[in-house]
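These notes are about the structure you will find just below.
The analysis underlying the following values was restricted to heavy atoms, covering all of them including side chains, and did not include hydrogens, waters or symmetry mates.
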Amino acid sequence: MSDRNNGANNAAPQEPKTSPGGQAFAANHRIRFRTENVKSSYCNMANATSTREEVILNFGVNQTWDQPGAGGELEVDLLHRIILSPYAALRLSEALTALMREHEQRHGKLA
């Protein structure tokens, strides 16, 4: 998982949204991302599980890619576990769906 946009204080106008608590955000609010403490990691594996209260995302690196005789077993070094509320996970899902749609429009359909 690599942060390709490490520019400091990136701000983008946001569509009006409603928070999980029902508070409406004004259309002119902006989000400022502070990147002074951001850390980037490369991950080539992700999986997700959930409970009623949280969604758990695990990210890691598949160490078996160069070991042809591994017998069908993958060895993954887990590097990050991100735990989200279902509301945050839904927002992430919507953002990833939009991002991948744009990516495929620019670079072609992924198989």
Inset, instruction - Would you confirm whether T97, through its side chain, and S93, through its main-chain N or O, come within 3.5 Å as a donor-acceptor pair? - result: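 Judged by distance alone, yes, a pair lies under 3.5 Å.
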Legend entry - E36: which of K39, R34, R32 passes salt bridge (Lys or Arg N to Asp or Glu O under 4.0 Å):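 Single salt bridge (Lys or Arg N to Asp or Glu O under 4.0 Å) partner of E36 among K39, R34, R32: R34.
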Inset, instruction - Can you see which heavy atom on L84 is nearest to which on A89, and at what distance? - result: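 It is CD1-CA, 3.9 Å.
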Side-chain donor-acceptor pairs of residues 45-58 under 3.5 Å, sequence neighbours excluded:
unit_1: N47; atom_1: OD1; unit_2: N58; atom_2: ND2; d: 3.2
unit_1: T51; atom_1: OG1; unit_2: E53; atom_2: N; d: 3.3
unit_1: T51; atom_1: OG1; unit_2: E54; atom_2: N; d: 3.2
unit_1: N58; atom_1: OD1; unit_2: R81; atom_2: NE; d: 2.7
unit_1: N58; atom_1: OD1; unit_2: R81; atom_2: NH2; d: 3.2

Legend entry - Counterpart residues, side chain to side chain donor-acceptor pair (under 3.5 Å), relative to D77 (two or more places apart):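 Per chain and number, D77 pairs via side chain to side chain donor-acceptor pair (under 3.5 Å) with Q63.
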Inset, instruction - Using the salt bridge (Lys or Arg N to Asp or Glu O under 4.0 Å) rule, collect all pairs that involve residues 99-111, keeping only residues at least two apart or in two chains. - result: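 Every pair satisfying salt bridge (Lys or Arg N to Asp or Glu O under 4.0 Å) with a residue in residues 99-111: E104-K109.
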Inset, instruction - Could you check if a side-chain atom of V61 sits within less than 4.5 angstrom of a side-chain atom of L79, using non-hydrogen atoms only? - result: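 Result yes, sub-4.5 Å side-chain heavy-atom pair found.
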Legend entry - Test item: I82 and F59 side chains (from C-beta on) under 4.5 Å apart, heavy atoms: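 Result yes, sub-4.5 Å side-chain heavy-atom pair found.
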Inset, instruction - Starting at CE of M100, measure out to CD of Q105 and round the result to the nearest 0.5 Å. - result: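 That separation rounds to 11.5 Å.
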